[in-house]
Amino acid sequence: MSAADEARVLAAVPTGLFVDGEWGPAASGRTFDVRDPSTGEVVASVADADASDGLRALDAAAAAQAAWAAIPPRTRSDVLRRAFDLLRERADDLALLMTLEMGKLLAESRGEVAYGSEFVRWASEEAVRVSGRYGTNPEGTGRTIVLKRPVGPCLLITPWNFPLAMATRKIAPALAAGCTVVVKPADLTPLTTLAFVAILAEAGVPDGVVNVVTTTSAGEVCEPIIRDPRLRKLSFTGSTPVGSTLLAQASERVLRTSMELGGNAPFLVFDDADLDAAVEGALLAKFRNVGQACTAANRFLVHEAVSDEFVRRVTDRVEAMTLGRGTDDGVDVGPLIDDRAVAKAEHLVADAVSRGAVVRTGGSRGGGTGTFFEPTVLDGVQPGSELLTAEIFGPVLAVSTFADEEEAVRQANDTEFGLVAYAFTRDLARGQRLAETLETGMLGLNVGVVSNASAPFGGVKASGLGREGGLEGIQEYLETVYLMTPDPFAA
Ligand code: NAD
């Protein structure tokens with residue numbers, strides 16, 4: 001991709017608010033800048049909404065709700081399918097846009113466009129499969145009919161780390177179910193969402209069904225929407241502290257919520273593991289998105305008999321990684337999202353080292369103008385180190401050891417989070433035991449990536465409520481209603 005491609009892609013992306021089918025400025029006329037984390041340069045300025053813009057978006061969503069819910073499911077399905085086709089057609093441009101605002105490697109952005117698009121295809125297929133049931137009550141005196149109907153207008157709040165997939169994973173099932181939405185993307189990476197919404201409009205989503213507000217005042221814009229009785233559902237992906245603030249706001253009206261929150265994934269390597277596979281899985285689970293994923297392996301727990309060998313092999317691979325701009329060829333690790341993220345990685349490494357960990361490779365900030373941190377391997381991480389409880393969200397692979405399965409499970413569960421766990425073992429029964437004993441919403445058994453549009457993604461404990469994707473994803477946007485009727489054969 002050339003500088004001309006970059007300019008073309010940036011010139012094409014809309015930068016206003018999208019409300020009731022129209023792009024326009026914020027009421028205040030204010031804008032904010034979006035920067036390329038590889039260079040610190042401003043790549044676009046987008047509208048900076050205030051509370052009045054947010055409520056205007058909710059007005060549009062509420063007004064469009066009844067008509068959208070009444071449209072035949074096949075029509076909603078067709079619109080989503082057209083959006084999926086457009087996403088595929090424009091995959092290269094969307095990937096470049098994502099790399100420019102977020103920093104991830106172009107190859108990873110392409111992977112995210114493919115992954116994110118699948119939620120749109122899946123939702124287009126699910127739109128026509130929403131069904132209820134009919135049954136005789138146990139007494140034989142009546143019939144029960146269970147039906148599903150759309151929850152109503154939704155507020156969807158997304159994070160910066162997967163700017164397309166986190167948006168498609170919410171918007172597509174909501175639309176499939178017959179809900180209208182107000183979307184609030186992260187202010188660090190609004191451009192990909194704006195480009196996706198333009199695609200939805202082009203695919204035929206009617207005015208007011210999808211509305212987007214970009215803002216640097218997330219709380220000021222979202223709280224009045226959450227407290228408004230017309231809103232029927234809040235779906236949030238982001239950090240656990242923000243998620244619990246939003247849950248408190250939502251509790252006042254007993255609002256339906258879905259929460260995809262933080263993680264602290266354990267990555268277990270047993271002494272019977274295929275070590276080559278474990279190393280490949282580790283690199284994927286740790287360095288995808290430079291570690292900035294809720295699913296990133298945070299704690300590598302390795303059986304003491306194979307730990308030295310695992311660390312040696314992983315270190316060889318990590319030492320060979322090249323740091324650089326995501327658009328450049330031959331780069332393995334891109335920048336972190338901002339300076340705060342670099343400072344956090346620096347602090348967590350220093351803390352672990354002060355408690356006895358050894359740096360095998362990396363450990364410092366990268367050079368240049370971007371927000372880089374070297375890919376790092378830490379060995380001998382000791383209990384009490386902060387990175388065992390905090391989300392690292394950076395390219396730091398931290399290893400500690402265990403002596404047996406019981407200790408491995410105890411260490412793995414020693415966290416408030418429970419989003420995903422990874423385990424490498426050749427013992428099938430052990431794999432099954434882990435699925436029953438690890439406190440997690442997802443388990444990658446001998447794989448380093450679990451995300452798939454057909455699977456129910458989500459966590460237990462402080463990692464959240466509800467699931468996205470799979471058969472479960474659309475249910476988050478449906479209400480269950482049941483109808484009791486008399487026995488039709490009774491006199
Ligand atoms: P964040 O919580 O800071 O922000 C997420 C979104 O919430 C952004 O759009 C932000 O503007 C908005 N926000 C912040 N304060 C708000 C408020 N008071 N009211 C309304 N909206 C508010 O998270 P982040 O830094 O963007 O993303 C990283 C976090 O997201 C990590 O903790 C990561 O684990 C988590 N995450 C979870 C999943 C998952 O599926 N479980 C997926 C991706 C990221």
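Counting starts at 1 for both ligands and their atoms, following the listed order.
- The shortest contact between atom 26 (O) of ligand 1 and any protein heavy atom is with W160 CD1, 2.9 Å.
- Between R230 and D59, at least one side-chain N (NZ, or NE/NH1/NH2) sits under 4.0 Å from a carboxylate O, which counts as a salt bridge.
- A salt bridge is defined here as a Lys NZ or Arg NE, NH1 or NH2 lying under 4.0 Å from an Asp or Glu carboxylate O, and D339 with R365 meets this definition.
- With respect to the salt-bridge test (charged N to carboxylate O, under 4.0 angstrom), the residues E468 and R169 qualify.
- For C222, every heavy-atom contact with ligand 1 shorter than 4.0 Å involves the side chain, none the backbone.
- The single protein non-hydrogen atom nearest to atom 12 (C) of ligand 1 is I157 CG2, 3.7 Å, given as residue, atom name and distance.
- Side-chain atoms of D50 and S28 include no donor-acceptor pair closer than 3.5 Å.
- Distance CG/L55 to CG/D228: 6.0 Å, rounded to 0.5 Å.
- With respect to atom 16 (C) of ligand 1, the closest heavy atom belonging to the protein is V242 CG1, 3.5 Å.
- Residue G262 has at least one heavy-atom neighbour below 4.0 Å for each of these atoms of ligand 1: 32 (O), 34 (O).
- In this structure, P185 has a heavy atom closer than 4.0 Å to ligand 1.
- Of all the heavy atoms of L246, the ones lying under 4.0 Å from any atom of ligand 1 belong exclusively to the side chain.
- Listed by number with element, the atoms of ligand 1 under 4.0 Å from a non-hydrogen atom of F393 are 28 (C), 31 (C), 33 (C), 34 (O).
- Among protein heavy atoms, atom 36 (N) of ligand 1 sits closest to C294 CB, 3.5 Å.
- With ligand atoms numbered from 1 in the order given, ligand 1 contributes 17 (C), 18 (N), 19 (N) to contacts under 4.0 Å with heavy atoms of G219.
- Applying the 4.0 Å criterion to heavy atoms of F457 picks out, from ligand 1, the atoms 39 (C), 40 (O).
- Taking atom 27 (O) of ligand 1 as the reference point, the nearest protein heavy-atom neighbour is P159 CB, 3.4 Å.
- Under 4.0 Å from ligand 1, the heavy atoms of R169 that appear belong solely to its side chain.
- Of all protein heavy atoms, the one closest to atom 35 (C) of ligand 1 is G238 O, 3.2 Å.
- Ion pairing of E476 with K233 is present here, as a side-chain N (NZ or NE/NH1/NH2) and a carboxylate O approach within less than 4.0 Å.
- Using a 4.0 Å cut-off between heavy atoms, N161 contacts ligand 1 through its side chain alone, with no backbone atom that close.
- Looking only at heavy atoms of the protein, atom 11 (O) of ligand 1 is closest to K184 NZ, 2.7 Å.
- The atoms of ligand 1 that sit less than 4.0 Å from any heavy atom of T158 are 6 (C), 8 (C), 9 (O).
- Looking at E280 and R317, a side-chain N of the basic residue comes within less than 4.0 Å of a carboxylate O on the acidic one, giving a salt bridge.
- A cation-pi geometry, defined here as NZ or CZ lying under 6.0 Å from the six-membered ring centre and within 45° of its normal, does not hold between R467 and F457.
- With a heavy-atom cut-off of 4.0 Å, E391 touches ligand 1 through its side chain alone.
- Within a 4.0 Å radius of atom 21 (N) of ligand 1, the protein has at least one heavy atom.
- Salt-bridge annotation for R325 and E6: present, with a side-chain N of the basic residue lying under 4.0 Å from a carboxylate O of the acidic one.
- For the pair F162 and ligand 1, no heavy-atom separation below 4.0 Å is found.
- Annotation for R227: atom CZ counts as buried by contact number, over 12 foreign heavy atoms lying within 6.0 Å.
- Of all the heavy atoms of M166, the ones lying under 4.0 Å from any atom of ligand 1 belong exclusively to the side chain.
- Checked by atom type and distance alone, the side chain of R88 never pairs as donor or acceptor with a backbone atom of S117 at under 3.5 Å.
- Cation-pi contact between K286 and F300: absent, since separation from the ring centre below 6.0 Å together with deviation from the ring axis within 45° is not met.
- Between E479 and K148 there is no salt bridge, since no side-chain N of the basic residue sits under 4.0 Å from a carboxylate O of the acidic one.
- Under 4.0 Å from ligand 1, the heavy atoms of L419 that appear belong solely to its side chain.
- Heavy atoms of T237 found under 4.0 angstrom from ligand 1 belong to the backbone as well as the side chain.
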